[in-house]
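All remarks here apply to the structure that follows.
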Amino acid sequence: MAFSADHWAFVFGVLGNIVSFIVFLSPLPTFYTIYKKKTAEGYQSIPYVVALFSSMLWIYYAFLKTNTTLLITINTFGVFVETIYVVFYLIYAPKKSRVQTIKMLSLFVVGGFGAIILVTQFLFKGVIRGQVVGWICLIFSLCVFVAPLGIVRKVIKTKSVEYMPLLLSVFLTLSAVMWFFYGLLLKDINIAAPNILGFIFGVLQMILYVIYSKKEKAILKEQKLPEIQKGEVIVKDENMNADKKFPELTQEQIIDIVRLGLMVCKGKVHVATCPHGTTCEPKVDENEPKLQTVEV
């Protein structure tokens, strides 16, 4: 039995829910890092505030349309998890970032969303209301995909992928593909159109991650100091059958050995002090074994 467009739309909607569920959870490693460091310095709250606002808009849009239950389910979860992220960020963010985040919440979530509901409810009716809200959703969905460009700029500037979560880029790309086909099959341009841009930005982030992660590894490899090879000094004694190996000596130790060698090359020297304060003639023991030249 062949599937109709509605059946395929349901399939892609379910897949979109699954992938989007992972998308919403993909920043968990980032927030775990923030928790370990006890600071959110270096991270931005813009993507999470915008994603929260976008999820709220899509829920409102889904209630104005028919056959969009799958939009309600995933965006309800989105509102829940993005709220947790924002609250967590506010706890660990520096004072300046915390104030900026609160301003953004007031602007988008309180003022913006409230104004959209009031304007569309009182100025528009029926199908027109749904279309207006749909276009607003389209615009802010684009903002969701554009928001990570701040991180992209930081990656290019610092040549480091420390603040770019790879999982988020991968699953955003997959999510864009699923929701594009979902909107296309439902003939809803408001759902399909922004996911084209989402796919492009997702691929761009993955390419940058591959490029700069390789550069980081190359830099670390160049900065790694070569291992010091420890040499050996072999001393041969004419009275010994086997060679003896000793650890490598420092330059000062070698100079001292050479000086000592010059003193003992004629035999072992015994120095004594005469009772009258003068140095006596050294006594040489001719029976002592002689050492050969030191080979380094």
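Worth knowing before you read on, the calculation uses all heavy atoms, side chains too, and leaves out hydrogens, waters and symmetry mates.
Linking ILVMFWY residues whenever their side-chain heavy atoms come closer than 4.5 Å, directly or via other members, leaves Y89 and I84 in distinct clusters. One hydrophobic cluster, built from ILVMFWY side chains closer than 4.5 Å, cannot hold both I189 and I191; they sit in different ones. Residues L57 and F63 share a single hydrophobic cluster, defined by chaining ILVMFWY side chains whose heavy atoms lie under 4.5 Å apart. There is a path of hydrophobic side-chain contacts, each under 4.5 Å, that joins L107 to V87. A continuous path of Ile, Leu, Val, Met, Phe, Trp and Tyr side chains, each step under 4.5 Å between heavy atoms, connects W135 with F108, placing both in one hydrophobic cluster.
When the options V170, I18, L172 are evaluated for a side-chain contact (heavy atoms from CB on, under 4.5 Å) with V23, the one that passes is L172.
The aromatic rings of Y92 and F88 lie tilted to each other, with the angle between the two planes from 30° to 60°.
Between the side chain of S97 and the backbone N or O of A93 there is no donor-acceptor pair closer than 3.5 Å. Using a distance-only test at 3.5 Å, with no hydrogens or angles considered, no donor-acceptor pair links the side chain of S54 to the main chain of V50. A distance-only check finds no donor-acceptor pair linking the side chain of N190 to the backbone of Q131 [under 3.5 Å]. The backbone N or O of L184 sits nowhere less than 3.5 Å from a side-chain atom of D188 that would complete a donor-acceptor pair.
Nearest heavy-atom pair across A176 and G198 is CB-C, 3.9 Å. Annotation for A40 and P94: closest pair C-CD, 4.3 Å, computed over non-hydrogen atoms. What you find for L25 and P29 is that their closest heavy atoms are O-CD, 4.4 Å. A pairwise comparison of heavy atoms in S20 and W179 identifies OG-NE1, 2.7 Å as the closest pair. Nearest heavy-atom pair, T101 versus V49, reported as atom, atom and distance to 0.1 Å: CG2-CG2, 4.2 Å. Shown here for Q121 and R129, the closest heavy-atom pair between the two residues is O-NH2, 3.4 Å.
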| task | For side-chain contact (heavy atoms from CB on, under 4.5 Å), just list the numbers for Y32 and K36, CA-CA rounded to whole Å, side-chain angles, deciding distance to a tenth of an Å, and then say yes or no. | result | CA-CA 6 Å; Y32 179 69; K36 286 178 64 178; 3.2 Å; yes
| task | Using the side-chain contact (heavy atoms from CB on, under 4.5 Å) rule, take L105 and F53 through it: C-alpha gap first, then chi angles, then the decisive distance, then the call. | result | CA-CA 9 Å; L105 286 171; F53 180 53; over 6 Å; no
| task | Dump the intermediate steps for side-chain contact (heavy atoms from CB on, under 4.5 Å) on V177 and N195, then the final yes or no. | result | CA-CA 7 Å; V177 172; N195 287 289; over 6 Å; no
| task | I would like to know whether V11 and F181 meet side-chain contact (heavy atoms from CB on, under 4.5 Å); could you show each step before the answer? | result | CA-CA 10 Å; V11 171; F181 283 108; over 6 Å; no
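Atom CG in L64 sits 12.5 Å away from atom CZ in F124 (nearest 0.5 Å). Separating the CD1 atom in I59 from the OG1 atom in T76 is a distance of 4.0 Å, to the nearest 0.5 Å. Taken from CD1 in I74 to CE in M178, the straight-line distance is 13.0 Å, to the nearest 0.5 Å. The CZ atom of F199 sits 9.0 Å away from atom CG of L174, with the distance rounded to the nearest 0.5 Å. In this structure, the separation between OG1 on T120 and CD1 on I136 is 6.5 Å, given to the nearest 0.5 Å. Separation of atoms CD (E82) and CE (M56) is listed at 12.0 Å; rounding is to 0.5 Å.
Not less than 6.0 angstrom separates the ring centroid of Y182 from the ring centroid of F12. Between F77 and F21, a ring centre-to-centre spacing shorter than 6.0 Å is recorded. Aromatic pair Y85/F31: ring centres closer than 6.0 Å.
Side-chain polar atoms of W58 and T68 form no donor-acceptor pair below 3.5 angstrom.
More than 12 heavy atoms of other residues, nucleotides or ligands sit less than 6.0 Å from atom CD1 of I117. The environment of F10 atom CZ is sparse: at most 12 non-hydrogen atoms of other residues, nucleotides or ligands sit within 6.0 angstrom.
Residues L90 and I102 are in side-chain contact: their nearest non-hydrogen atoms beyond the backbone lie under 4.5 Å apart. Between L186 and W8 the shortest side-chain heavy-atom distance does not fall below 4.5 Å. Looking only at side-chain heavy atoms (C-beta outward), I72 and Y61 stay at 4.5 Å or farther from each other.
Judged by a 6.0 Å distance limit and a 45° cone about the ring axis, K38 is positioned over the six-membered ring of Y35.
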